[in-house]
Amino acid sequence: MSNTDFDVIVVGGGHAGCEAAFACSRMGFETALVTLSEKTIGALSCNPAIGGVGRGQLTREIDALGGVQGFITDKAGLHYRMLNTSKGEAVRSLRAQVDKDMYSREMQSLMKSQARLHIVTGSVEDIHVTGDRVGGVLLEDSSVIRARKVIMTNGTFLRAVMHVGEEVTSGGRVGEGAVQGLTGALGTLGLETGRLKTGTPPRLDRDSIDWSQLMPQVPDSDPDGFCHWTPPPRREWMNCHVTRTDEVVHDIIRDHLHRSPMYSGQIEGVGPRYCPSIEDKIVRFPDRKGHTVHLEREGLETNSIYVNGISTSLPADAQEALVAKIPGLEKAKFLRHGYAVEYDFFPPHQIRRTFECRALSGLYLAGQICGTSGYEEAAAQGFLAGVNAALSLKNEAPFILGREEAYMGVLADDLVRCDPREPYRMFTSRAEFRLQLRHDNADIRLARRGNELGLITDQQAEAVEEDAKLTESCVARLHKERSGTKTFHEVLRAPGASWESLEESHPEVGAWEISQGIKERVRVAVRYEHYIERQQDEVDRMKRNEKWVLPEDLDFSSISGLRTEARETLTRLRPDTIAAAQRIAGVSPADISCIFVVLKSRERDEEVL
């Protein structure tokens, strides 16, 4: 194979691009990863952390399937915290603060050492089309790289501009340029485009901060990490630190609000609702007397402190004035001012759940180019796009995860039936079956699927299945054995009960030869057993409706009885099943009944033929 001919081209070396390229190459295909610079492969553009509520589950699932984000995170981890520990296990999520430079170095090393994965430096300016399908990409130097599949993971770089007050510069990240021509090129293929905004806070000099005024946030002492297969390296975990804004800070922001690009009309794109700028917080929550600010170290070999909680695009002098009024930051020196990035994206109703574009066969979109925010959402999309591109090359069935199987399935399903006006972010609340999609059972849910893809070894999959069997047998044993009138299962299910309390009250249980990890799995399984059984009924109903596939040629405009809103929405979003159609806002049960009539009529006609 020549250096201009590949099976797959992945455009962009961010989190989506790395997962896509790694999956395709691991599945046996010659893959080109095209990036503006090798040095930015795996870069953490904004916060120095992976995970969080809902997002931590995505990273665990990627790892359970054979992806790389969790593995690299654990190599670079500095501070781990399990969030929502005061709540139920269904909403608990792991978050890790990482060394940004170490993360990108480890990711670059992995990408460069991976067989069949080739790094190509350049800027993609156009899509090369052969007949009715993708044929490769055209670089800015007019050279063509050919491939049967192309995966676009351009992040925030399409026609990107950065804003600091009235100052506007071209680029998708500090020190890097923008990709100018690709939006128009994709538009000629029939793809609709939109405009979104994201932002980042200032970076401060560690030595200029008065740490004595800040409250330390202590990490978990013995974290399991994100990777199921290897524990995180044991190092001295770092503290994060917390401070708060107050009314004095808020008054400074209000005084300069007219200079904010978000409120002066300078920025057209909509930013993320759930990760707002400090300007947005002050405007949207005028009664709040203060907002929490987390100070997170960006690495072991840097003095840079990430000021999480005051993302801003205010002018530099306004940023300095407001930071100087935050307790502990009175004498803080700026290493970099906060800024906003405005960029093009492609509304994801234009892709299938495989992440292949409807407009052009063989072209896939993944990551922030699809209107999402976050490293974890991007990585999940890149993994799914890469796997499905590889399976398509093998002429095998696509890899589709259901909403009941994984947060990754929720993400893919949400995207193809939404028309985002703001960046999409994953939350546990988006998963209606989150009792079954927990942080602790990602491997049991997905390792066998990863093994079928060739990304998880037989040994790994078998170890997970052994754990699952041991958990089931232990639960069954708890049902059988009893003390007095109660089974051990009933004792463990009682409010506030733990395995430790069970052993204290019934010492014979302490003789069972099971690991601490299995004990915890059993405790969770017992606690949620009846809830999960009831939820399974809902899953079964949903699966029945997933079997009703909506034909590609189904003309919603011709279906009698459909309301105008439903007709227009269904035509635009093109759901692939009845279940997907039911989840679209604006589609009523009556509309679904009308669609059922048409499907059953078609079914009868096919039987007659």
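The shown structure was predicted, so the numbers you read here are calculated from the model rather than taken from an experiment.
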Would [X] and [Y] count as having a side-chain donor-acceptor pair, cut-off 3.5 Å?
| X | Y | answer |
| --- | --- | --- |
| N303 | D207 | yes |
| Q381 | T372 | yes |
| E320 | H337 | yes |

*Mark yes when over 12 heavy atoms from residues, nucleotides or ligands other than R259 sit less than 6.0 Å from its CZ; otherwise mark no.*
yes
*asked:* Counting only heavy atoms not in F71 (residues, nucleotides, ligands), do more than 12 fall under 6.0 Å from its CZ?
replied: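 No.
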Please find the pair of heavy atoms, one from [X] and one from [Y], that lie closest to each other, and give the distance.
| X | Y | result |
| --- | --- | --- |
| S264 | H258 | CB-O, 3.7 Å |
| A20 | I151 | CB-CD1, 4.0 Å |
| T183 | R159 | OG1-CG, 4.1 Å |

*Pairs in or reaching into residues 293-302: which pass side chain to side chain donor-acceptor pair (under 3.5 Å), with residues at least two apart or in two chains?*
R95-E296, K100-E298, R203-E298, E298-S304
*What is the ring orientation for W237 with Y80, classed by angle as parallel under 30°, tilted 30 to 60°, or perpendicular over 60°?*
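Perpendicular.
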*Relative to each other, are the rings of H439 and F226 parallel, tilted or perpendicular (30° and 60° limits)?*
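Answer is perpendicular, since the angle exceeds 60°.
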*Quick one: which of R438, Q57, R60 gives a side-chain hydrogen bond (donor to acceptor under 3.5 Å, both in side chains) with S93?*
Q57
_Identified side-chain hydrogen bond (donor to acceptor under 3.5 Å, both in side chains) partner of T245 from the options K325, H250, R288_ =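 So the option named by the test is H250.
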_Axial cation check for Y424 ring with R430, 6.0 Å and 45° limits_ =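 Pair R430/Y424 counts as cation-pi.
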